[in-house]
Undergrad: 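Let me give you the structure first, and then I'll get to my questions.
Everything numeric here is computed off the predicted structure, so don't read it as measured data.
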Amino acid sequence: MHFDLNFPVTASGSISQPKKNKNKQPQQSSSAAFTPAQIKGIEARLDLLEHLGYTVIAFNQSVNKKIDPKTHVNILDGLLKQLRARPGTVFLKRLTIVLDNDSEKGFGLTNANASLVEPYDVIALLPTTSATFSLACLTHSLPSPLTAHIIALPLTLPRLPFQLKHTLVRTAIKNGAVFEINYAGAIGGESDASLSTFGVSDTGVSGKRNWWAAAREVVRVAKGKGIVVSGGVASEADYRGPKDIENLLTLLDLAQNLAHDASVTAPKSLILRAQTRKTYRAVLSEPRLVVPEATQIVPSPQQTGDGENIRDKMNISQTPSQTSPNPALMLPKPVASKKRTCEEVCLESPINGHVNKKIREAANAQGESRRKKKKGGNRERVGAV
């Protein structure tokens with residue numbers, strides 16, 4: 001299973017230049033549709049991706065500055081209805097918001113616009129200033145119905161518009177966000193036309209040189225973790241196979257196993273985490289009611305005939321015990337307590353009894369010796385007389 005989470009599409013009339021103020025960025029038109037020629041080109045690109053082995057494809061719709069409820073139109077719902085069914089291929093809908101100085105005050109990811117964001121499967125942010133990069137890493141990467149799981153970077157610009165700080169990058173990765181690297185800039189291919197219109201993409205030899213320098217910096221700061229690789233390609237000639245992309249990532253000083261994770265494991269985990277936007281407090285599992293099984297009620301002995309017989313036998317066995325009690329089971333009757341002296345108590349102990357026996361034997365021996373001496377003295381007196 002291989003993933004391409006950036007399949008850029010642009011409908012005819014989806015980007016228009018305001019007439020009153022030409023210095024403003026292009027805005028999205030309310031009437032956006034795909035012509036038959038565009039549908040044919042998208043089908044050809046999808047056929048090539050299937051031939052290369054991609055099974056999960058995310059169509060990307062780009063919005064500049066913020067989500068405006070008055071002008072925002074979901075062009076991906078109508079596109080999926082016009083495409084033919086492809087068994088074994090999963091289509092996802094992705095929304096990318098390009099953030100600039102005007103987006104620092106807010107870019108539409110609020111609870112009021114939750115209904116506009118809910119149809120999209122994946123939300124991505126493309127910051128172009130230091131303040132918006134901090135917001136994307138610290139605030140909008142936390143689990144919520146408006147979580148942005150992808151932080152895209154303008155790698156083809158002459159220089160990154162912000163510094164990649166270790167604390168911001170690690171916090172975003174800890175919260176579950178990933179940093180996207182589009183390989184379209186590495187080969188100098190044609191990228192998303194809307195990004196070029198917004199001024200955050202550059203093509204040609206200079207764009208390729210800028211991409212290699214910026215991509216190495218991203219890999220160094222992220223230490224090879226929390227990185228996902230996507231296509232971002234708008235031309236059929238610039239698509240590459242999954243193994244070619246892994247070999248391309250190894251040129252960024254990325255280990256072979258980490259390159260495989262960036263193209264297979266990380267996108268799969270990202271899609272699973274993106275589903276938590278539609279659950280309560282980012283909980284994937286749904287509660288299931290478990291009904292306990294009915295327990296069998298055992299009838300009491302009084303309700304059955306067998307029980308009555310057992311009860312009768314118990315009564316019969318109890319009758320003789322009541323008339324003639326067993327003397328072995330009878331407790332001795334309590335004897336009236338009698339006060340005893342300390343000498344009597346001491347004499348009853350086994351140790352004191354043994355000692356007293358020795359004392360009595362010694363006393364008897366002394367008494368016998370005295371009697372013998374007394375008898376001998378009496379005999380001497382009789383002889384003298």
Undergrad: Any side-chain heavy-atom pair from T132 and L125 closer than 4.5 angstrom?
TA: no

Undergrad: Can you confirm whether I67 sits close enough to L109 that some side-chain heavy atom of one is under 4.5 Å from a side-chain heavy atom of the other?
TA: yes

Undergrad: Count I, L, V, M, F, W, Y as connected when their side-chain heavy atoms are under 4.5 Å apart, and connections chain through other members. Are L164 and V228 then in the same cluster?
TA: no

Undergrad: Evaluate the side-chain proximity of L155 to N210: yes if any heavy-atom separation is below 4.5 Å, no if none is.
TA: no

Undergrad: What residue pairs, at least two apart or across chains, pass salt bridge (charged side-chain N to carboxylate O under 4.0 Å, His left out) with a residue in residues 116-139?
TA: D121-K278

Undergrad: Mind checking side chain to side chain donor-acceptor pair (under 3.5 Å) for T147 and listing every partner two or more places apart, or none if nothing turns up?
TA: S144

Undergrad: Identify, with sequence neighbours excluded, every residue that meets side chain to side chain contact (heavy atoms under 4.5 Å, CB included) alongside L142.
TA: N175

Undergrad: According to side chain to side chain contact (heavy atoms under 4.5 Å, CB included), who are the partners of V122, at least two apart in sequence or on a separate chain?
TA: R94, I150, A274

Undergrad: Let me have the donor-acceptor pairs involving side chains of residues 44-53, under 3.5 Å, with sequence neighbours excluded, atom names and distances please.
TA:
| from | atom 1 | to | atom 2 | distance (Å) |
| --- | --- | --- | --- | --- |
| R45 | NE | Y239 | OH | 3.3 |
| R45 | NH2 | P8 | O | 3.1 |
| R45 | NH2 | V233 | O | 3.2 |
| R45 | NH2 | Y239 | OH | 3.4 |
| D47 | OD1 | R84 | NH2 | 2.8 |
| D47 | OD1 | R86 | NH1 | 2.6 |
| D47 | OD1 | R86 | NH2 | 2.9 |
| E50 | OE1 | R86 | NH1 | 3.2 |
| E50 | OE2 | T89 | OG1 | 2.9 |

Undergrad: Can you name the residues that form a salt bridge (charged side-chain N to carboxylate O under 4.0 Å, His left out) with E217, not counting sequence neighbours?
TA: R220

Undergrad: If you define the side chain from C-beta out and look only at heavy atoms, does anything of I123 sit under 4.5 Å from L146?
TA: no

Undergrad: Is the closest side-chain heavy-atom distance between Y183 and L249 below 4.5 Å?
TA: no

Undergrad: Test of understanding: clusters of I, L, V, M, F, W, Y form through side-chain heavy atoms closer than 4.5 Å, transitively. Do L248 and L258 belong to the same one?
TA: yes

Undergrad: Evaluate the criterion side-chain contact (heavy atoms from CB on, under 4.5 Å) for residue pair L153 and I181; output intermediate values, then yes/no.
TA: CA-CA 7 Å; L153 301 175; I181 296 178; over 6 Å; no

Undergrad: Do L83 and I42 have side-chain heavy atoms sitting under 4.5 Å apart?
TA: yes

Undergrad: Taking only residues at least two apart or on different chains, which pairs with a member in residues 134-152 satisfy salt bridge (charged side-chain N to carboxylate O under 4.0 Å, His left out)?
TA: none

Undergrad: State, without any angle test, whether T128 and D100 hold a side-chain donor-acceptor pair at a distance under 3.5 Å.
TA: no

Undergrad: Do L116 and V9 share a hydrophobic cluster (ILVMFWY, side-chain heavy atoms under 4.5 Å, transitive)?
TA: yes

Undergrad: E236: which residues meet the salt bridge (charged side-chain N to carboxylate O under 4.0 Å, His left out) condition with it, sequence neighbours left out?
TA: none

Undergrad: Could you tell me which residues satisfy side chain to side chain contact (heavy atoms under 4.5 Å, CB included) with V264, sequence neighbours excluded, listed by chain and number?
TA: H2, E246, H260

Undergrad: Ring pair (Phe, Tyr, Trp, His ring centres under 6.0 Å) between F59 and F91: does it pass, once the steps are laid out?
TA: CA-CA 7 Å; F59 295 97; F91 292 151; 5.2 Å; yes

Undergrad: Please give me the minimum heavy-atom distance between V221 and V169, naming the atom from each residue.
TA: CG1-CG2, 3.7 Å

Undergrad: Listing request: all ring pair (Phe, Tyr, Trp, His ring centres under 6.0 Å) pairs with a residue in residues 125-145, at least two apart in sequence or in separate chains.
TA: F107-H140, F133-F162

Undergrad: Could you tell me if the side chain of Q61 sits less than 4.5 Å from the side chain of K93, heavy atoms only?
TA: no

Undergrad: Could you name each residue pair satisfying salt bridge (charged side-chain N to carboxylate O under 4.0 Å, His left out) that touches residues 256-270, not counting sequence neighbours?
TA: none

Undergrad: Just grab all the salt bridge (charged side-chain N to carboxylate O under 4.0 Å, His left out) pairs involving residues 131-159, residues at least two apart or on different chains.
TA: none

Undergrad: About how many Å separate OG of S230 and CG of L5, when rounded to the nearest 0.5 Å?
TA: 4.5 Å

Undergrad: Going through the distances and angles, do N247 and D244 end up as a side-chain hydrogen bond (donor to acceptor under 3.5 Å, both in side chains)?
TA: CA-CA 5 Å; N247 295 332; D244 295 336; 4.6 Å; no

Undergrad: Are the side chains of F3 and L270 in contact, using a 4.5 Å heavy-atom criterion?
TA: no

Undergrad: So, for S115 and P119, which heavy atoms are closest and what is the spacing to 0.1 Å?
TA: O-CD, 3.3 Å

